[in-house]
Amino acid sequence: MIGLSNVGKTTFVSTMYAALNDGYSEFTIRSGRPADHIRLRNSAEQIRRGIFPLPTDRRSIYPLQLWHVANRVFDFNWRDYRGGALVESSTSPQAMQLREDMKNADGLIFMVDSTELIQTQQSRARLRPVIATAVRLLSECEVVIPVVLVLTKWDLVASREKEALAGAHSLLGPLIDAVKGTQHLLGAIIPVSCGTRPRNVELPALWCLHVGIFVRGTILAQNIEFYKQRIQVAQRRSGILDNIVSTWRGEPTWRAIAFQTQEKMRNDQRQLEPLIVPSQRLEPLFTSITKF
Amino acid sequence: MADYPSLTVTALGNKGSGKTTFLIGMYAHLSAGQNGYFLSADPDTDLNLANKWDKLLDDGVLPPPNEADNISYKFRFLDGLRPLLGVDWLDYRGGALEEETGSASGDVAGLQDRLRKSDCVYLVLDGGYLVDPVSNATRLGIMRRASLRRMTSLLQTAVDARIEAKTSPPSIVILITKTDLIPPARRDALVPDITTLLPVCFSEGLTTLVCPVMLGDFGINPEQRVNPRDIAPHNLHLPIIFGLAEYMYQLSFGIRQMSMTQSQRNATLEKNLGALRSGAGAFFRRGKIVGAAQELRKAREEQETMNAVEKAAADRATALFDELSGLALFRDGNEVNR
């Protein structure tokens, strides 16, 4: 999760956790650490009453789990930063840590303050560090990852929604078009509100998980296909003669290879199976958002 | 290791001409994206340049001129998220042009070496010198005050050196900064003045873009602090677009030449193969025939690759030159754009 100071990252993570912990559609999110669960829920409760948390003064990592009904589908780490780290030079250890983490992330959520979308020359300059960071990171990324542009504080621009949308189009348009031009980056733009009446707070995390499940499912499906072919080859080559020759050479027999590969295939099938239904259930949740 | 080529750019201009301010504005503009193109830098360079731009936008403080060192910047020019070109940019210390350091100075020797390596040279001219039309009476004074004679001499030396080394001369951008100082009616009629002041840029073999730019409308005598509300950048992204367009144009031209040579080679190979295959003795030349056929197939594949690269570079050059419509572009002294 990447954004400048005061964009609302800490507020968002608490609100998102509480909403998904309560459940959204058939999905829930649970924390891997009870202390995080209590802290995030308490913070979300305060936000609901209109008391917003202080900005983060350090990097926080939340180990979280996605559950679909009673199945634990996916474990993931959510990273929150002190906003200032994004605009600090390499002399800052936190800036260096952030840059390293950004490079290794499996999903990137860029937070944009919606009130900055009301067009001025300054808005462009204020959003520029996030856009420049996104471009630098994404231009070096070659794997399939989700990219979410979260427009925070959308409730504050509700009365000027058209203007804010036009600003988003103008200021973020080049970045959106650039992501659209790739095959491997799966983008979504999601306006969110926290505070007393949360809106869309579940969707950024679910979009990332949706893509994450898709990527993992694709890899597992490819593995399974490969194992199937390998088993066929091994079965064709196995027999009494192979048993004698392979034993004589001290190599595993084709029969043993077929058996081991079957085990691997079953293991991947076991991992793939619980992803199928959640993936199907997640898909319709994003019909109302703009994907790119 | 980056798998894209690099463009070496050197900006020359006297102290206060606006080289550094232009660079900062150009980076701020292009790093947020412009017409599908982005300029990207490492995070520290990004912060360094952006901080100066933010200071201008927040407090109206114009960036201080670079008086200390020649500063080198490395950028990546991207089409969407695809890197097209590395850009090696040298912001040359402005004061150095005005100092009579002599050819023995390391500064001058270093600059000459740098210019020899440059694919694109920016000659930066303060728009304040062009408020009134250039006349015989004012020409020499402007050339002296703007260090144009020195720039001309350095450029000529670099062009001669590159021609001698059988490399194409650098493309040239005559960057007119602070265009807001020039009366609006004159802004589209600056070319005659520029050809009078910098005739070398309109010689045979050179490609030159005349590009007026401005950061905003700051009035006749702007101070070090301006009103941020007057900031309205204009044309800042076009000079780098031109550098890239010209690079792609030269690339497509060079590959076309190679492709023509390859065509001749293919024709010779075909002829040789035909000769080997003809006649009663062909049966006894089977080994040679197979070898010649393989060589011909490989040569044809190479030519196909060249043609594909040439087309991609030419298409890219056309698209980029389209962005420059409205600006005066000269090839061999003849205007080819607008």
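Chain identifiers are assigned alphabetically (A, B, ...) following the order of the sequence lines, protein sequences preceding nucleic acid strands; residue numbering begins at 1 within each chain.
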field: Which of B/S40, B/G36, B/A32 touches chain A most, by non-hydrogen pairs under 4.5 Å
entry: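 Between B/S40, B/G36, B/A32, the count favours B/A32.
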Among the listed options B/N35, B/D46, B/L39, the residue most often paired with chain A at heavy-atom distances under 4.5 Å: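 Result: the option with the highest number of such pairs is B/D46.
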task: Using modelled atom types only, decide if a donor and an acceptor are shared between the side chain of A/R160 and the backbone of A/T115 within a distance under 3.5 Å.
output: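 Checked: no pair found.
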field: Under 4.5 Å from a heavy atom of chain A, the part of B/D42 involved
entry: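 Contact with chain A: backbone only.
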- prompt: Using non-hydrogen atoms only, which part of B/R229 is less than 4.5 Å away from chain A: side chain, backbone, both, or neither?
  reply: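 For B/R229, no heavy atom lies under 4.5 Å from chain A.
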message: Taking the ring of B/W89 and the ring of B/Y122, is the distance between their centroids below 6.0 Å?
response: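 So the answer is yes for these two rings.
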message: Would A/R216 pass as a cation-pi partner of A/F74, given that its NZ or CZ must be under 6.0 Å from the six-membered ring centre and within 45 degrees of the axis?
response: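 A/R216 over A/F74 ring: yes.
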- request: Please determine if B/D58 and A/R126 form a salt bridge, counting it only when a charged side-chain N lies under 4.0 Å from a carboxylate O.
  value: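 Salt bridge present between B/D58 and A/R126.
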Pick from A/R99, A/E88, A/K180 with the largest number of heavy-atom pairs that fall under 4.5 Å of chain B: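 Answer, by heavy-atom pair count under 4.5 Å with chain B: A/R99.
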field: Greater than 12 external heavy atoms within 6.0 Å of A/H169's NE2
entry: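 Atom NE2 in A/H169 is not crowded, with 12 or fewer foreign heavy atoms closer than 6.0 Å.
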message: Can you tell me which portion of A/L185 sits under 4.5 Å from chain B's heavy atoms? Options are side chain, backbone, both or neither.
response: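 Only the side chain of A/L185 comes within 4.5 Å of chain B.
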message: At a 4.5 Å cut-off on heavy atoms, which part of A/V179 comes close to chain B: side chain, backbone, both, or neither?
response: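 For A/V179, heavy atoms of backbone and side chain both lie under 4.5 Å from chain B.
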- prompt: Parallel, tilted or perpendicular: which fits the ring planes of A/W207 and A/H210, with parallel below 30° and perpendicular above 60°?
  reply: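 Ring orientation, 0 to 90° scale: tilted.
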